[in-house]
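First up is the structure itself, then whatever we jot down about it.
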Amino acid sequence: MTAKLIDGTAIAKKVREQAAADVTEMVAQGYASPGLATVLVGENPASEVYVGMKQRMCKQLGMESFSYTLPTDSSQEEVEALVRKLNADLKVNGILVQLPLPKHLDDEAVLRTISVEKDVDGFHPINMGRLAQKGREPLFVPCTPDGCIYLLDEVGVELRGANAVVLGRSNIVGMPAALLLVKRDATVTICHSRTKNLSEVCRQADVLIAAVGQIEMVKKDWVKPGAAVIDVGTHRIEDATKEKGYYLTGDVAFDEVKEVAGWISPSPGGVGPMTIAMLMRNTVRAAKIANGLIKV
Ligand code: NDP
């Protein structure tokens, strides 16, 4: 079997186009264009790249982008004071604190400071708690796992009653992905570094989401024939034979897994572009909530 490709690049483009259309419509109705504030603490090169991408994407879609950079040695109080200032700023609809923060800072306390209505990353404990509760809905869902589910929906993978396995239990990917799958009536197994017989557990999955941060760990014999496989992993491998001096790969051994899976999202070109597209969508949603266009 050769898996059908889940083209995250194309699907993300549609999500962004919808966000841009929503922005145009809001502005035509006399509302301010949605605004996203990014908070970067310190000089992490990867974080600088991610924040830059998010700012550029806002501008491309007609949204406002407000950039705040604090020095590495900023105190907890200084970071939280900035977040509180942004909470009160009517031009700011979404606040994104780029993680990881420098080690001396308590990221959980910073995330808790973000207004729930502006928590476009969906990491506030109230939004995460609502995600975990039956009959409750978060205002925002974390972008990467939301993107995973969107990809599965877009290609028509049935989640209700499916055996789903999530590899990884992080707050930003694995755990919210598992909670979303439960909300969609899948039967979910969450795997982590202490899970026994990992390959065997994964082989039971109709839907497998890999978010372990281990290079190409998921092999062909870990995958049930016909399963839908979503690769969240992102790894940059130095390789002098490549034009750029490196190549990108994921948590799934794509070339062999595509021979057994029914659907596969590659990395790069799968979840990556979805994450930023879902952030744009969440920011538009935050602006609609702020303007009373969506009742929550
Ligand atoms: P974390 O390191 O926070 O979490 C990794 C999870 O995988 C943990 O739950 C850990 O278990 C588990 N794990 C690690 N090694 C093993 C192993 N050998 N066997 C079984 N389980 C293991 O990573 P993230 O969730 O932040 O990210 C996961 C991957 O997704 C990374 O490659 C990251 O770059 C990528 N990513 C991609 C994004 C995108 O937009 N495309 C966004 C965010 C992340 P335990 O809990 O026991 O430690």
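These numbers come from the heavy atoms of this one structure, side chains and all, not from hydrogens, waters or symmetry mates.
Taking 4.5 Å as the limit, every side-chain heavy atom of I230 sits out of range of all side-chain heavy atoms of L208. Side chains of L159 and I149 form a contact here, defined as non-hydrogen atoms less than 4.5 Å apart. Counting heavy atoms from C-beta outward, V15 and Q18 have side chains that stay 4.5 Å or more apart. Under the 4.5 Å side-chain criterion, counting only non-hydrogen atoms from C-beta, K4 is in contact with W263. Side-chain contact check for F140 versus D121: every heavy-atom pair is 4.5 Å or farther apart. In this structure the side chain of T283 reaches within 4.5 angstrom of the side chain of M63, judged on heavy atoms. Side-chain contact check for E43 versus E48: some heavy-atom pair is nearer than 4.5 Å. With a 4.5 Å cut-off on side-chain heavy atoms, Y31 and L293 count as touching.
Residues V232 and V182 share a single hydrophobic cluster, defined by chaining ILVMFWY side chains whose heavy atoms lie under 4.5 Å apart. V271 and V252 are assigned to two separate hydrophobic clusters, defined by single-linkage of ILVMFWY side chains at heavy-atom distances under 4.5 Å. One hydrophobic cluster, built from ILVMFWY side chains closer than 4.5 Å, cannot hold both V116 and I95; they sit in different ones. Residues V229 and V165 fall within the same hydrophobic cluster, defined by Ile, Leu, Val, Met, Phe, Trp and Tyr side chains chained together at heavy-atom separations under 4.5 Å. Side-chain heavy atoms closer than 4.5 Å link hydrophobic residues (I, L, V, M, F, W, Y) into clusters, and following such links, possibly through other members, connects I209 to L180.
Judged by distance alone, with hydrogens and angles left aside, the side-chain atoms of D185 form no donor-acceptor pair with the main-chain N or O of G161 at under 3.5 Å. In this structure, the side chain of S74 does not engage the main chain of L70 through any donor-acceptor pair within 3.5 Å. Put simply, the side chain of D7 gets close to the backbone of A10: a donor and an acceptor are under 3.5 Å apart. A donor-acceptor pair under 3.5 Å is absent between the side-chain atoms of N127 and the main chain of F123, judged by distance alone. A distance-only check finds a donor-acceptor pair linking the side chain of R203 to the backbone of D221 [under 3.5 Å]. With hydrogens and angles ignored, the 3.5 Å screen pairs a side-chain donor or acceptor of K118 with a backbone N or O of N87.
Of all heavy-atom pairs between M26 and P34, the closest is SD-CG, 4.2 Å. Minimum heavy-atom separation, G122 to P142: O-CG, 3.5 Å. Across all their heavy atoms, A19 and L61 have their closest contact at CB-CD1, 4.1 Å. Nearest heavy atom pair, residue V120 against residue C143, reads O-SG, 3.6 Å. Closest non-hydrogen pair, S47 versus L99, comes out as OG-O, 3.9 Å. Contact between S33 and N93 at its shortest, heavy atoms only, is O-OD1, 4.3 Å.
Between atom OG of residue S199 and atom CE of residue M217 there is a gap of 9.5 Å, rounded to the nearest 0.5 Å. Between the CG atom in L86 and the OG1 atom in T113 there is a gap of 11.5 Å [rounded to 0.5 Å]. To the nearest 0.5 angstrom, S115 atom OG is 7.5 Å from H124 atom NE2. Note: T195 OG1 to I190 CD1 = 9.5 Å, rounded to the nearest 0.5 Å. Note that CD of E78 and CG of D73 are 7.5 Å apart. Values are rounded to the nearest 0.5 Å. Atom CD1 of I289 is separated from atom CG of N282 by 9.0 Å, given to the nearest 0.5 angstrom.
There is a side-chain donor-acceptor pair under 3.5 Å between E80 and Q76.
For E17, the CD atom sits in a packed shell: over 12 heavy atoms of surrounding residues, nucleotides or ligands are nearer than 6.0 Å. Counting heavy-atom neighbours within 6.0 Å of K219 NZ, excluding the residue itself, gives a total above 12. Atom CD of Q29 has more than 12 neighbouring heavy atoms from other residues, nucleotides or ligands inside a 6.0 Å radius.
The side chain to side chain contact (heavy atoms under 4.5 Å, CB included) search around T249 returns I215, E216, H235, I237, Y247, not counting sequence neighbours.
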**Item:** Criterion side chain to side chain contact (heavy atoms under 4.5 Å, CB included) on V39 and L96, from CA distance to verdict
**Value:** CA-CA 6 Å; V39 177; L96 181 139; over 6 Å; no
**Item:** side chain to side chain contact (heavy atoms under 4.5 Å, CB included) between R136 and L131, intermediate numbers included
**Value:** CA-CA 7 Å; R136 306 263 164 86; L131 187 60; over 6 Å; no
**Request:** For L36 and E64, run side chain to side chain contact (heavy atoms under 4.5 Å, CB included): C-alpha distance rounded to whole Å, both residues' side-chain angles, the deciding distance at 0.1 Å, then the answer.
**Result:** CA-CA 6 Å; L36 175 70; E64 297 290 334; over 6 Å; no
**Message:** Between D119 and L139, does the side chain to side chain contact (heavy atoms under 4.5 Å, CB included) criterion hold? Intermediate values first, please.
**Reply:** CA-CA 8 Å; D119 175 38; L139 263 59; over 6 Å; no
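Screening residues 224-237 for salt bridge (Lys or Arg N to Asp or Glu O under 4.0 Å) gives D206-K224, R236-E238 as the qualifying pairs, with residues at least two apart or on separate chains. Pairs engaging residues 98-117 under the salt bridge (Lys or Arg N to Asp or Glu O under 4.0 Å) rule: E108-R112 [sequence neighbours left out]. Residue pairs meeting the salt bridge (Lys or Arg N to Asp or Glu O under 4.0 Å) criterion with at least one member in residues 267-291, sequence neighbours excluded: D22-K288. Sequence neighbours left out, the pairs with a member in residues 145-154 that pass side chain to side chain donor-acceptor pair (under 3.5 Å) are K14-E154, D153-R184.
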Let me have the donor-acceptor pairs involving side chains of residues 50-58, under 3.5 Å, with sequence neighbours excluded, atom names and distances please.
from: K54; atom 1: NZ; to: Q98; atom 2: OE1; distance (Å): 2.9
from: Q55; atom 1: NE2; to: T38; atom 2: OG1; distance (Å): 3.0
from: Q55; atom 1: NE2; to: S67; atom 2: OG; distance (Å): 3.0

